[in-house]
Amino acid sequence: MPAAARQPDLFDVYPDVPGARPADTSIAAAESIADGATRLRERVLAAIREAGALGLTPDEAAAQLELTPFTTRPRFSELARMQLISDSGFRRANTSGRKAIVWWVAETTPNQRDMENDR
């Protein structure tokens with residue numbers, strides 16, 4: 001069945017499945033990664049958790065996990081929507097030189113943040 005004609009299941013809802021814009025290419029891309037998205041989210045979340053209060057940007061996670069930023073960035077959006085990660089308030093430069101949000105697991109406390117980032 002063409003991607004544009006696919007009817008979503010009642011429980012096929014973002015962020016549990018990859019999101020897509022209303023364009024055939026975006027829908028096809030989301031469908032192509034859907035089967036692996038859960039495992040990718042788990043890997044990204046584990047990397048963020050391992051980073052502790054220092055957190056990770058999506059591009060840092062991509063480098064660490066040997067994935068492309070195009071694979072990790074959407075997983076960060078999904079994890080944030082699931083309230084599993086949160087914006088640390090810190091920013092670090094990506095390889096492009098632009099500032100990116102540093103994310104950490106949602107249960108990171110301000111005291112942990114201050115101790116880690118004061119190093």
What are the two closest heavy atoms between [X] and [Y], and how far apart are they?
| X | Y | result |
| --- | --- | --- |
| P69 | P74 | O-CD, 4.1 Å |
| T72 | A62 | OG1-CB, 3.5 Å |
| A93 | G97 | CB-O, 4.0 Å |

Electrostatic pair [X]-[Y], nearest N-O below 4.0 angstrom:
| X | Y | result |
| --- | --- | --- |
| R73 | D59 | yes |
| E66 | R43 | no |
| E78 | R81 | no |

Inset, instruction - Begin from the C-alpha positions of I48 and F76 and carry the test side-chain contact (heavy atoms from CB on, under 4.5 Å) through to its verdict. - result: CA-CA 10 Å; I48 298 167; F76 273 75; 3.5 Å; yes
Inset, instruction - Determine, stepwise, if the pair W104 / S86 fulfils side-chain hydrogen bond (donor to acceptor under 3.5 Å, both in side chains). - result: CA-CA 6 Å; W104 55 26; S86 59; 3.2 Å; yes
Legend entry - Distance, nearest 0.5 Å, that separates CE of M82 from CZ of R75: 9.5 Å
Inset, instruction - Take D87 and W103 through the test side-chain contact (heavy atoms from CB on, under 4.5 Å) and record every step on the way to the result. - result: CA-CA 5 Å; D87 182 337; W103 295 90; 4.3 Å; yes
Side chains of [X] and [Y] in contact at under 4.5 Å (non-hydrogen atoms):
| X | Y | result |
| --- | --- | --- |
| V44 | R41 | no |
| T71 | L65 | no |
| V102 | R91 | no |

Inset, instruction - Evaluate the criterion side-chain contact (heavy atoms from CB on, under 4.5 Å) for residue pair V105 and L84; output intermediate values, then yes/no. - result: CA-CA 6 Å; V105 291; L84 295 173; over 6 Å; no
Legend entry - Linked, directly or transitively: L79 and F70 (ILVMFWY side chains, under 4.5 Å): no
Inset, instruction - Quick one: do R92 and K99 satisfy side-chain contact (heavy atoms from CB on, under 4.5 Å)? Show the steps, please. - result: CA-CA 5 Å; R92 285 198 288 265; K99 296 289 184 173; 6.0 Å; no
Inset, instruction - Step through the shown structure and confirm whether more than 12 heavy atoms of other residues, nucleotides or ligands are within 6.0 Å of CD on E50. - result: no
